[in-house]
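Take this structure, written in structure tokens, and hold onto it; I'll ask about it next.
All values below come from the heavy atoms of this structure, side chains included, with hydrogens, waters and symmetry mates left out. First listed ligand is number 1; within each ligand, the first listed atom is number 1.
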Amino acid sequence: MGLWIYLDGKFVNEKQAKISVFDHGLLYGDGVFEGLRTYSGKIFRLDEHIERLYKSAKAILLEIPVSKEEMAQIIKKTIKKNKLKDSYVRVVVTRGKGDLGLDPRKCPQPSVFVIASKIKLYPEEYYQKGLSVVTIATRRNLTESLNPAIKSLNYLNNILAKIEATNAGAMEGLFLNNDGYVAECTGENIFIISGNFLYTPPISAGALDGITRDTVLQIGKTVGLSVSEKLLTRYDLYNADECFLTGTAAEIIPVTLIDGRIIGSGKSGSLTCKIREEFHKIVLEEGVPIY
Ligand code: PXG
């Protein structure tokens, strides 16, 4: 049967879900996207994801052809149509079809599509033993060039980083910004715990304003940690008691090896485990019901 895909106002079977070779999303990476999760039939932080999508679009002067309310309905309908309860949802808005040439004015009609599918997580063992991370030579895009706060279809900076990490035999790559401070990983934000402090780099260091990141900052406070956004160096990471990554796909995953340095006990720290438990409670309690 295959999945039902929402594509420009219609539901089509995945085999029929096709985009033109003249779409500037494909030709130039000109477009924006979001990745959401549903847990037990509820969409986690739907409004926040929609807000971020429209902010990304505004930053690249792309007018999304449906309202935020319509977008919320489209997302819900796509999940329903595929009868999913625990899913990963990808929302994409491309610049649309246009003649060759960079100028976005060549593209009169942006395309919107939504894929609701199953999510593949890291194998469970990594949530216990943690990931190995290496610093990569490729620097995070300058905020003044292609701001990492924009979730654009142009993810080559991240893909190059992922390739470097894989080539180095690590599970994830750590991005530094052009000043040498820690920015984020290829598709996750990064946190450390030192004593009673929970730290993560500020968005201005070259990170995406992660929705899981925001949730974890709130959880940190409720579990009694002093939470702060601070510029971090690799030295801070190497000497942290605990380190973990956050993202919609990975949720909260410990990091136990960075550039060959064992972090903390070398397995998931107790506070990381606690934050993860709290996160799992929140995703089941909160969220917008689909059914
Ligand atoms: N940094 C970057 C560069 C990301 O792309 C995050 C941090 C975490 O943000 P959220 O809001 O998810 O906590 C991301 C998110 C995918 C996929 O399909 C990518 C992300 C999220 C979900 C799926 O590759 N990136």
Side-chain angles (χ1 to χ4, degrees), residues 3 25 29 31-39 43-56 59 75 79 86-93 113-122 131 133 136 138-143 145-166 171-177 181-191 200-220 229 232 243-253 255 275-276 278-280 282-283 286-287:
L3 294 170
V32 294
F33 77 102
E34 270 301 321
L36 300 79
R37 284 279 288 270
T38 69
Y39 292 91
I43 311 172
F44 186 60
R45 300 273 148 110
L46 175 62
D47 291 347
E48 287 86 342
H49 280 284
I50 290 179
E51 270 314 309
R52 191 170 67 185
L53 181 72
Y54 282 72
K55 281 185 178 173
S56 293
I75 292 170
I79 301 163
D86 293 284
S87 64
Y88 172 65
V89 183
R90 168 64 66 98
V91 182
V92 180
V93 185
F113 61 88
V114 179
I115 306 167
S117 183
K118 287 276 169 201
I119 177 97
K120 267 198 220 102
L121 289 178
Y122 281 111
L131 298 180
V133 169
I136 53 199
T138 304
R139 294 294 166 109
R140 191 73 178 108
N141 285 329
L142 286 179
T143 48
S145 303
L146 177 55
N147 195 325
I150 304 170
K151 211 163 158 60
S152 83
L153 292 183
N154 196 316
Y155 250 47
L156 266 181
N157 186 220
N158 310 59
I159 290 163
L160 291 175
K162 193 78 186 178
I163 291 170
E164 268 189 63
T166 307
M171 300 283 293
E172 253 302 333
L174 174 70
F175 266 127
L176 304 180
N177 64 24
Y181 288 107
V182 172
E184 61 178 344
C185 285
T186 66
E188 295 95 16
N189 293 107
I190 187 160
F191 284 78
T200 193
I203 302 308
S204 56
L208 183 75
D209 193 356
I211 286 158
T212 321
R213 173 185 182 276
D214 184 62
T215 311
V216 165
L217 287 170
Q218 290 172 24
I219 296 172
E229 295 175 53
L232 298 173
C243 177
F244 60 85
L245 310 182
T246 66
T248 297
E251 300 180 323
I252 294 161
I253 188 152
V255 172
I275 292 170
R276 219 181 137 224
E278 289 302 313
F279 180 77
H280 284 142
I282 291 176
V283 296
E286 296 178 14

Checklist entry - How far does CD of E51 sit from CG of L46, to the nearest 0.5 angstrom? => result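 The CD atom of E51 sits 10.5 Å away from the CG atom of L46.
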Checklist entry - Among protein heavy atoms, which lies nearest atom 5 (O) of ligand 1, and at what distance? => result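 Nearest protein contact, heavy atoms only, for atom 5 (O) of ligand 1 is Y155 OH, 2.5 Å.
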Checklist entry - Any N/O of R90 closer than 3.5 Å to an N/O of ligand 1? => result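 Looking only at distances, the answer is yes, because the N/O contact criterion of under 3.5 Å is met.
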Item to check | Sub-4.0 Å atoms of ligand 1 with respect to non-hydrogen atoms of G247 | outcome: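 Those of ligand 1 that fall under 4.0 Å from G247 are 8 (C), 12 (O), 13 (O).
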Checklist entry - What is the nearest protein non-hydrogen atom to atom 13 (O) of ligand 1, stated with its residue, atom name and distance? => result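 The answer is T212 OG1, 2.6 Å.
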Next on the checklist: Check the orientation of Y39 and F279. Use parallel for under 30°, tilted for 30 to 60°, and perpendicular for over 60°.
Outcome noted: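 Because their plane-to-plane angle is over 60°, the rings of Y39 and F279 count as perpendicular.
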Next on the checklist: Does Q218 form a side chain to side chain contact (heavy atoms under 4.5 Å, CB included) with D214? I'd like the steps, not just the answer.
Outcome noted: CA-CA 7 Å; Q218 290 172 24; D214 184 62; 3.4 Å; yes
Item to check | salt bridge (Lys or Arg N to Asp or Glu O under 4.0 Å) partners for K162, two or more places apart | outcome: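 So K162 forms a salt bridge (Lys or Arg N to Asp or Glu O under 4.0 Å) with E172.
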Item to check | Protein residue, atom and distance nearest to atom 17 (C) of ligand 1, heavy-atom basis | outcome: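 Here the nearest protein heavy atom works out to Y88 OH, 3.5 Å.
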Item to check | From CA spacing to verdict: side chain to side chain contact (heavy atoms under 4.5 Å, CB included), K55, K151 | outcome: CA-CA 9 Å; K55 281 185 178 173; K151 211 163 158 60; over 6 Å; no
Item to check | R52 N/O to ligand 1 N/O under 3.5 Å | outcome: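 Indeed, backbone or side chain, R52 has an N or O that close.
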Checklist entry - Between OH of Y155 and CG of L146, what distance do you get to the nearest 0.5 Å? => result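 Separation between the atoms: 10.0 Å.
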Next on the checklist: With a sphere of 6.0 Å drawn around OH of Y54, does it hold more than 12 non-hydrogen atoms of other residues, nucleotides or ligands?
Outcome noted: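 Above 12, so yes.
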Item to check | Row check, F44 ring normal vs R37 NZ/CZ: under 6.0 Å, within 45° | outcome: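 Judged by the rule, R37 and F44 form no cation-pi pair.
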Checklist entry - Quick one: which of E229, E251, E188 gives a salt bridge (charged side-chain N to carboxylate O under 4.0 Å, His left out) with R213? => result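 The option that passes is E229.
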Checklist entry - Between atom OG1 of T215 and atom CD of E48, what is the distance when rounded to the nearest 0.5 Å? => result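 T215 atom OG1 to E48 atom CD measures 7.5 Å (nearest 0.5 Å).
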Next on the checklist: Distance under 4.0 Å to a non-hydrogen atom of G210: what atoms of ligand 1 satisfy this?
Outcome noted: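 Numbered from 1, ligand 1 contributes 9 (O), 10 (P), 11 (O), 13 (O).
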Item to check | Minimum-distance protein heavy atom relative to atom 19 (C) of ligand 1 | outcome: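 Result for atom 19 (C) of ligand 1: K151 NZ, 4.0 Å.
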Checklist entry - Is it the side chain, the backbone, both or neither of T186 that has a heavy atom closer than 4.0 Å to ligand 1? => result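 Backbone only.
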Item to check | Protein contact to atom 12 (O) of ligand 1 [nearest heavy atom, distance to 0.1 Å] | outcome: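 Among all protein heavy atoms, the one nearest atom 12 (O) of ligand 1 is T248 OG1, 2.5 Å.
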Checklist entry - What's the shortest heavy-atom distance between V133 and C185, and which atoms? => result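 Smallest interatomic distance, heavy atoms only, reads CG1-SG, 4.5 Å.
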Checklist entry - How does E188 reach ligand 1, by side chain, by backbone, by both or by neither, if only non-hydrogen atoms under 4.0 Å count? => result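 Backbone only.
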Checklist entry - With a 4.0 Å cut-off on heavy atoms, does R37 reach ligand 1? => result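 Checking ligand 1 against R37, which is what was asked, there is no heavy-atom contact under 4.0 Å.
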Checklist entry - Which residue owns the protein heavy atom closest to atom 1 (N) of ligand 1, what's the atom, and how far is it? => result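 Checking every protein heavy atom, the shortest distance to atom 1 (N) of ligand 1 gives E184 OE1, 2.7 Å.
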Checklist entry - Under a heavy-atom criterion of less than 4.0 Å, does L36 contact ligand 1? => result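 Distance cut 4.0 Å: L36 fails for ligand 1.
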Checklist entry - Looking at CG of D209 and CD1 of I150, how far apart are the two atoms once the value is rounded to the nearest 0.5 Å? => result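 The distance works out to 12.5 Å.
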Next on the checklist: Under 4.0 Å from a heavy atom of G187: which atoms of ligand 1 are those, numbered in the order shown and with their elements?
Outcome noted: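 In order of numbering, the contacting atoms are 1 (N), 2 (C), 4 (C), 5 (O), 6 (C), 7 (C), 8 (C), 14 (C), 15 (C), 25 (N).
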Next on the checklist: When you compare ligand 1 with I211, is there at least one nitrogen or oxygen pair between them that comes in under 3.5 angstrom?
Outcome noted: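 Indeed, backbone or side chain, I211 has an N or O that close.
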Item to check | Nitrogen or oxygen of H49 less than 3.5 angstrom from that of ligand 1 | outcome: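 N/O-N/O distance below 3.5 Å does not exist for this pair.
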Next on the checklist: Need the ligand 1 atom indices (1-based, order shown) with element for anything under 4.0 Å from a heavy-atom of N158.
Outcome noted: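 This gives 3 (C) as the contact atoms.
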Next on the checklist: One residue to check: R140. Relative to ligand 1, which of side chain, backbone, both or neither has a non-hydrogen atom less than 4.0 Å away?
Outcome noted: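 Contact part for R140 vs ligand 1: side chain (C-beta onward).
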